[in-house]
K.L.:
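Submitted below is the structure of interest, expressed as structure tokens.
Lettering of chains follows the sequences in order, A, B, ..., and the numbering in each one begins at 1. Only a predicted model underlies this, so the values are computations on that prediction, with no experimental measurement involved. The figures here come from the full heavy-atom set of this structure, side chains too, leaving out hydrogens, waters and symmetry mates.
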There are 6 protein chains.
Amino acid sequence: MHVTVINPNTTASMTRAIGEAARAAAAAGTTIVATNPDSGPASIEGYYDEVFSIPGLIAEMKKARGTDAFVIACFDDTGLDGARSLADVPVIGIGEAAMHMATLVATRFSVITTLKVSVPALEHNVRKYGFDARCGRVRACEVPVLALEDPASGARAKISSEIVRAKDEDGAEAIVLGCAGMAELAASLTREHGLPVIDGVASAVKLAEAMIGLGLKTSKVGGYAPPRAKAYAGTFAWAAP
Amino acid sequence: MHVTVINPNTTASMTRAIGEAARAAAAAGTTIVATNPDSGPASIEGYYDEVFSIPGLIAEMKKARGTDAFVIACFDDTGLDGARSLADVPVIGIGEAAMHMATLVATRFSVITTLKVSVPALEHNVRKYGFDARCGRVRACEVPVLALEDPASGARAKISSEIVRAKDEDGAEAIVLGCAGMAELAASLTREHGLPVIDGVASAVKLAEAMIGLGLKTSKVGGYAPPRAKAYAGTFAWAAP
Amino acid sequence: MHVTVINPNTTASMTRAIGEAARAAAAAGTTIVATNPDSGPASIEGYYDEVFSIPGLIAEMKKARGTDAFVIACFDDTGLDGARSLADVPVIGIGEAAMHMATLVATRFSVITTLKVSVPALEHNVRKYGFDARCGRVRACEVPVLALEDPASGARAKISSEIVRAKDEDGAEAIVLGCAGMAELAASLTREHGLPVIDGVASAVKLAEAMIGLGLKTSKVGGYAPPRAKAYAGTFAWAAP
Amino acid sequence: MHVTVINPNTTASMTRAIGEAARAAAAAGTTIVATNPDSGPASIEGYYDEVFSIPGLIAEMKKARGTDAFVIACFDDTGLDGARSLADVPVIGIGEAAMHMATLVATRFSVITTLKVSVPALEHNVRKYGFDARCGRVRACEVPVLALEDPASGARAKISSEIVRAKDEDGAEAIVLGCAGMAELAASLTREHGLPVIDGVASAVKLAEAMIGLGLKTSKVGGYAPPRAKAYAGTFAWAAP
Amino acid sequence: MHVTVINPNTTASMTRAIGEAARAAAAAGTTIVATNPDSGPASIEGYYDEVFSIPGLIAEMKKARGTDAFVIACFDDTGLDGARSLADVPVIGIGEAAMHMATLVATRFSVITTLKVSVPALEHNVRKYGFDARCGRVRACEVPVLALEDPASGARAKISSEIVRAKDEDGAEAIVLGCAGMAELAASLTREHGLPVIDGVASAVKLAEAMIGLGLKTSKVGGYAPPRAKAYAGTFAWAAP
Amino acid sequence: MHVTVINPNTTASMTRAIGEAARAAAAAGTTIVATNPDSGPASIEGYYDEVFSIPGLIAEMKKARGTDAFVIACFDDTGLDGARSLADVPVIGIGEAAMHMATLVATRFSVITTLKVSVPALEHNVRKYGFDARCGRVRACEVPVLALEDPASGARAKISSEIVRAKDEDGAEAIVLGCAGMAELAASLTREHGLPVIDGVASAVKLAEAMIGLGLKTSKVGGYAPPRAKAYAGTFAWAAP
């Protein structure tokens with residue numbers, strides 16, 4: 001199986017870390033290619049950054065024809081619907097992947113993401129996926145995406161504090177880590193707090209393998225129908241269906 | 001007042017028609033500038049086309065600094081959240097504008113859009129705006145966006161048939177026209193069917209005037225906070241906050 | 001344009017203040033008439049007071065035939081559905097007006113009203129309008145309606161404290177002022193707190209102008225159909241359709 | 001036990017029929033007083049009629065002090081919240097009573113009311129009570145309230161036809177009769193269609209007895225707190241709390 | 001009338017207490033038989049215990065043929081849907097009974113149950129019954145079911161503390177006691193806290209009497225249709241329909 | 001990996017077919033053990049049958065200690081919450097598995113199950129899982145569970161007809177097969193109808209493998225906490241925690 005994991009921001013070091021997390025989760029026969037766009041923001045923090053990461057995500061998808069599934073490795077599930085319209089192989093966002101997994105092991109989960117600016121977009125996704133009655137709260141640890149890897153940010157301690165609050169205040173039975181950059185913390189936080197702490201990168205890779213194994217394809221009879229042939233002007237001429 | 005109406009597709013004739021509809025609705029002291037991106041799809045029909053219309057929409061917004069409000073003249077409300085993050089003046093989508101207006105004159109409305117492929121995206125917006133208990137159904141007349149102006153498409157008759165069905169089957173008390181290209185039909189369909197048939201372009205212009213008059217600005221303390229300063233790579237370097 | 005603003009309580013000084021707020025918001029060509037019923041409660045605080053303000057509201061509407069729109073200037077949107085059944089010109093409640101405006105500039109708002117007794121009625125309206133996923137909380141500052149204008153009530157400081165809590169605890173990005181008597185505080189609280197603080201009187205006047213400009217009428221084919229002709233007994237004989 | 005059943009319209013013959021239906025349902029030790037206002041509409045069909053039936057309803061409640069419970073015998077549950085604010089004994093609407101009963105014997109019910117104009121108000125109540133996932137549809141048989149008793153109206157046959165459609169199209173397992181004037185049909189329609197056909201008058205009387213037996217009172221600590229003392233002007237001076 | 005109250009756990013002393021509470025609530029002509037299964041858990045605290053209490057509950061129902069209604073006296077409404085499929089007389093759970101009653105006297109209620117492990121199951125029931133917008137919160141006092149009667153457990157004081165929090169934090173206007181073993185506390189807590197504190201055992205008995213009086217039967221045309229005839233293997237052969 | 005697939009009914013031939021479907025879906029290194037209870041109904045059609053299949057399901061789980069995950073192979077997800085309380089390895093119902101998969105490849109799906117009596121239970125699960133806005137309709141083909149394998153039942157043709165209706169009437173973009181006995185039809189119906197037709201047995205096996213691969217365990221801090229130690233009386237003494 002070939003799974004293409006696309007980090008929709010343009011920070012190559014983050015792509016490498018995501019690739020490692022994906023490979024760590026992948027089954028023996030699964031090949032992971034981790035990539036990111038040439039153009040767009042260095043990190044995705046809020047609605048504006050999303051706008052400029054999606055065309056590059058699509059460009060990466062077009063290059064990757066031949067893959068068996070795509071994973072979008074930003075917790076906002078950036079560009080998920082557009083990507084599904086393009087592909088007929090499965091496309092899975094790491095946000096939805098982690099939340100689906102959480103509902104299978106807990107009656108209620110909370111999300112811990114990076115910055116407050118992303119909370120409304122994630123709350124919106126929670127409702128879109130149908131999990132509003134299952135999600136206690138979307139919390140922010142107030143560490144920017146690219147600072148997560150910097151030990152000086154205190155990221156792990158801040159996330160750990162939010163987990164304690166999520167258990168106490170939200171009745172959370174599981175925690176969903178709300179950024180691809182938090183992937184490596186899942187295992188140790190699970191042990192520390194005694195409840196499932198779920199990473200979306202690994203979750204999405206395993207879901208992708210599951211869907212490939214099932215032979216499941218994205219439906220092409222409704223909202224994800226192939227884009228209609230038409231002219232695309234200017235710098236996006238390359239993207240014309 | 002200066003209102004910038006952005007048609008997010010690249011079809012200039014449609015932009016002109018939208019500009020006319022906007023000017024017809026505008027108050028005496030309101031200046032309308034209608035524009036469209038240089039790059040992107042000729043029409044927006046489904047999730048994929050949305051992806052490539054939003055960067056150009058943002059580019060048009062950046063050129064237009066000095067305007068008092070923006071109207072996004074595609075019924076999908078393409079790029080609305082990203083646009084609100086950029087601007088502090090009001091940004092109004094024609095889809096939301098028409099739906100808000102419908103809820104002020106009717107207990108239940110139905111939407112009539114162009115193609116079936118757009119229905120899921122519009123149903124999603126209906127839920128996002130909170131109008132799922134007020135919307136009877138999102139219907140498609142199966143006329144493509146750019147064929148609306150072609151008399152041979154039979155667009156008016158097909159829309160009119162859907163209005164009859166919406167009254168009978170959905171209990172619709174008002175109709176929302178689900179494409180900027182249907183603007184000129186609102187008045188005559190209202191007369192013909194004896195219920196409010198609402199166009200989003202005019203609705204959004206009037207809402208924009210109302211919000212300007214109120215001095216209302218987009219909130220900058222949460223999800224629409226200004227994008228954080230960061231590097232934007234490649235062809236999107238121009239968009240860096 | 002002629003807009004009739006009806007304060008459904010019987011306190012003339014409040015009607016005058018509402019009229020001033022309405023005129024301050026109105027466009028150059030808009031005539032505002034502010035009025036209140038002869039009969040009914042001096043203020044509306046809870047469900048019981050609503051009962052006895054609505055017949056007088058309808059009586060004022062009947063006197064006002066010739067107006068282009070009605071505004072109901074109580075935040076409970078007292079009698080809104082009944083009023084819409086009577087009129088074919090637009091009828092707008094200040095509660096709904098402010099909430100619609102809030103959803104156009106913020107992903108989440110909180111309401112700050114007068115007394116706790118009104119909170120359930122307002123929460124009910126929030127759900128009725130579809131904004132329950134967008135409203136953080138309906139808060140009470142515990143100042144009675146008619147004490148709002150009395151400096152000794154400390155109203156402004158109490159409302160200001162609730163705004164701080166709404167930002168911190170509810171994630172509110174905008175504030176809706178939950179009483180017509182708070183109209184004059186909107187501008188200064190907006191400046192003080194750095195987020196939109198929205199008054200319903202001004203919002204409703206601008207929405208009324210927008211709807212008049214659009215030629216929008218209340219739908220008469222469903223729940224707002226004209227009342228059927230029938231006998232009305234006793235003191236309400238005058239109201240018979 | 002003393003239960004006061006108030007028909008909020010002013011048609012005495014309908015009050016008598018309601019009184020008979022109530023007495024037929026009442027337990028041995030229950031005294032039923034059926035009454036109606038002096039002032040207001042001859043029947044309640046839509047939002048406008050509701051306005052002018054509620055003050056008279058309250059007036060009847062004030063006369064009736066000493067009763068152990070009130071039943072509001074219009075399927076719109078006209079004035080229910082205001083009435084609960086006045087009384088501390090239980091107040092039960094026949095609409096809510098029938099719907100509560102339906103959810104105890106069926107996973108899904110449909111409502112059959114008189115006229116289409118009342119459907120939105122009833123759908124609104126269904127949502128307010130929380131039964132939107134349990135209610136298949138609110139249907140209208142298009143027989144006016146006061147024509148129900150006229151054999152020439154064909155009311156029974158029309159209701160019976162709607163029951164067949166409700167079973168087939170809505171998956172209804174129980175039927176709620178949506179007008180006090182349909183009370184006498186419940187038993188025979190139950191037998192004919194082989195599913196529970198539920199009348200609100202009888203349901204409300206039995207719920208009233210149940211609540212009296214439990215010593216349950218309306219809560220006075222929130223939205224149903226007693227109205228605050230204040231001046232009531234003009235013809236409603238009598239209603240001042 | 002004959003009402004069979006089944007305590008689905010196997011603790012006979014609790015069955016006796018429930019029987020007393022039921023008889024205290026019952027009308028003069030109502031005979032209460034309180035019973036419990038021979039097999040199953042000594043108390044029901046969470047989903048696992050539910051599994052093994054339901055077959056015994058059904059067995060008790062089969063023995064009781066001839067009764068006019070069944071009450072399931074565990075606040076989880078253990079086995080309610082299965083029980084309704086078996087019987088055509090009404091079957092009422094004490095959880096739903098108390099919640100229905102609460103919505104008739106308050107705009108918002110909170111539940112106070114025994115242990116945290118039961119909260120998700122009760123929250124699920126709240127949503128299933130449609131009361132999620134009416135329920136402030138499901139709270140646990142952290143006293144196990146069988147310790148409720150032990151004065152050393154401090155149960156009454158702990159419940160009383162939660163009532164104070166429910167009023168302050170949840171805006172609760174009424175309290176629902178979330179365990180059959182709390183029945184005897186309802187009256188004194190009502191007096192102490194000045195709001196309705198509702199016990200499910202009494203509520204269910206009164207609802208049962210109401211439904212019997214109405215001649216209401218469980219619908220047999222949908223989800224509660226009689227089980228289809230088929231072989232039941234092994235120790236459950238006795239249960240074959 | 002070891003996955004134990006439990007058919008909760010007692011029909012061994014159906015267990016064998018389920019085991020084959022599970023093995024066909026399983027990865028190379030996955031061992032499938034398919035089993036069924038000794039006691040209980042020959043098929044599960046409605047709420048009553050569920051009651052008597054769950055204790056046997058738990059008994060099978062207890063025998064299977066050592067497995068890495070459990071699959072409950074009845075589309076009602078019979079006993080899922082109780083099973084999760086017992087185990088710390090993942091427990092997956094085939095109904096939830098298929099629905100989760102459907103939401104990853106389609107904006108809307110419909111379910112096609114066996115008999116009308118099961119529809120309310122499945123609709124309830126749809127809401128419980130949060131998929132009510134994503135599920136067009138739960139349809140019944142009116143073929144009993146054990147007749148599915150009998151060619152004379154015409155099952156395939158009846159299901160195929162419902163798929164056509166689901167596309168036309170519900171806007172379904174994917175189909176979920178609502179019975180374990182339909183597993184073998186998924187592939188050919190997918191080809192025939194040109195949209196994803198999803199089987200729960202295969203879906204659950206792949207989800208189980210994914211969760212095992214992730215090291216995900218059922219949360220033990222809330223509703224799925226281990227059952228508390230207590231006496232279990234009578235025939236269920238064996239089940240005492």
Side-chain angles (χ1 to χ4, degrees), chain B residues 25-29 81 84 90-93 96-97 100-109 126-135 167 171-174 186-187 190 193-196 198-199 202-203 205-225, chain C residues 25-29 81 84 90-93 96-97 100-109 126-135 167 171-174 186-187 190 193-196 198-199 202-203 205-225:
Chain B
D81 289 314
R84 282 201 179 127
V91 183
I92 303 133
E96 62 175 355
H100 281 274
M101 287 298 176
T103 67
L104 296 172
V105 294
T107 71
R108 184 176 296 189
F109 65 88
V126 166
R127 282 196 298 275
K128 181 181 174 186
Y129 303 149
F131 298 144
D132 34 331
R134 303 292 288 278
C135 178
K167 287 173 74 170
E173 299 175 9
T190 294
H193 292 283
L195 47 60
I198 301 172
D199 159 51
S203 297
V205 168
K206 301 314 282 182
L207 268 180
E209 292 173 341
M211 295 168 79
I212 296 167
L214 288 166
L216 259 187
K217 303 277 185 185
T218 301
S219 178
K220 291 291 152 184
V221 305
Y224 299 139
Chain C
D81 289 315
R84 282 202 178 125
V91 183
I92 305 133
E96 63 175 355
H100 280 275
M101 288 297 175
T103 66
L104 296 172
V105 294
T107 70
R108 183 176 297 189
F109 67 88
V126 166
R127 282 197 298 276
K128 180 181 174 186
Y129 303 149
F131 298 144
D132 33 332
R134 304 291 287 278
C135 178
K167 286 173 75 170
E173 299 176 9
T190 294
H193 291 282
L195 48 58
I198 301 172
D199 159 50
S203 297
V205 167
K206 300 314 281 183
L207 267 180
E209 292 173 341
M211 294 169 79
I212 296 167
L214 288 166
L216 259 186
K217 304 276 185 184
T218 300
S219 178
K220 292 291 151 185
V221 304
Y224 298 140

K.L.:
Please look at K220(B) and chain C and tell me whether the side chain, the backbone, both or neither of the residue comes under 4.5 angstrom of a heavy atom of that chain.
P.N.:
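Looking at K220(B), nothing touches chain C.
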K.L.:
Side chain, backbone, both or neither: which part of A172(B) has an atom under 4.5 Å from a heavy atom of chain C?
P.N.:
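Contact with chain C: backbone only.
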K.L.:
What's the separation between atom OG in S203(C) and atom CD1 in I92(C), rounded to the nearest 0.5 Å?
P.N.:
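Here the interatomic distance stands at 10.5 Å.
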K.L.:
With only heavy atoms counted, which part of A133(B) is less than 4.5 Å from chain C, the side chain, the backbone, both or neither?
P.N.:
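Neither; nothing under 4.5 Å.
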K.L.:
Taking the side chain as every heavy atom from C-beta outward, state whether L104(B) and L216(C) have any pair of such atoms under 4.5 Å apart.
P.N.:
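Not in contact.
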K.L.:
Output the option from L214(C), I198(C), L207(C) having the highest count of non-hydrogen pairs under 4.5 Å with chain B.
P.N.:
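With the most close heavy-atom pairs to chain B, the winner is L214(C).
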K.L.:
Select, from G215(C), G222(C), S219(C), P196(C), the one with the greatest count of heavy-atom pairs under 4.5 Å involving chain B.
P.N.:
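Highest number of heavy-atom pairs under 4.5 Å: S219(C).
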K.L.:
Within the 4.5 Å heavy-atom criterion, are M101(C) and M211(B) side-chain neighbours or not?
P.N.:
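A side-chain contact exists here, since the closest heavy-atom pair is under 4.5 Å.
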K.L.:
Taking side chain as everything from C-beta outward and backbone as N, CA, C, O, which of these in V205(C) sits under 4.5 Å from a heavy atom of chain B? Side chain, backbone, both or neither.
P.N.:
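It is neither, since no heavy atom gets under 4.5 Å.
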K.L.:
Quick one: does R134(C)'s side chain have a donor or acceptor within less than 3.5 Å of a partner on A106(C)'s backbone?
P.N.:
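Yes: the side chain of R134(C) pairs with the backbone of A106(C).
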K.L.:
Chain C heavy atoms under 4.5 Å from T190(B): which part of the residue, side chain, backbone, both or neither?
P.N.:
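T190(B) has no heavy atom closer than 4.5 Å to chain C.
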K.L.:
Looking at T103(B), D81(B), V91(B), V221(B), which has the largest count of heavy-atom pairs under 4.5 Å with chain C?
P.N.:
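Highest number of heavy-atom pairs under 4.5 Å: V221(B).
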K.L.:
Can you label the angle between the H100(C) ring and the Y129(C) ring as parallel, tilted or perpendicular, going by 30° and 60°?
P.N.:
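Answer is tilted, since the angle falls between 30° and 60°.
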K.L.:
Between E96(B) and R84(B), is the closest basic N to carboxylate O distance under 4.0 Å?
P.N.:
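Here R84(B) pairs with E96(B) in a salt bridge, since their nearest N and O are under 4.0 Å apart.
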K.L.:
Considering non-hydrogen atoms only, spot the tightest contact between K206(C) and A210(B) and give its length.
P.N.:
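It is CB-CB, 3.6 Å.
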K.L.:
Sort out for me which of K167(C), K217(C), E209(C) touches chain B most, counting heavy-atom pairs under 4.5 Å.
P.N.:
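Of the options given, most contacts go to K217(C).
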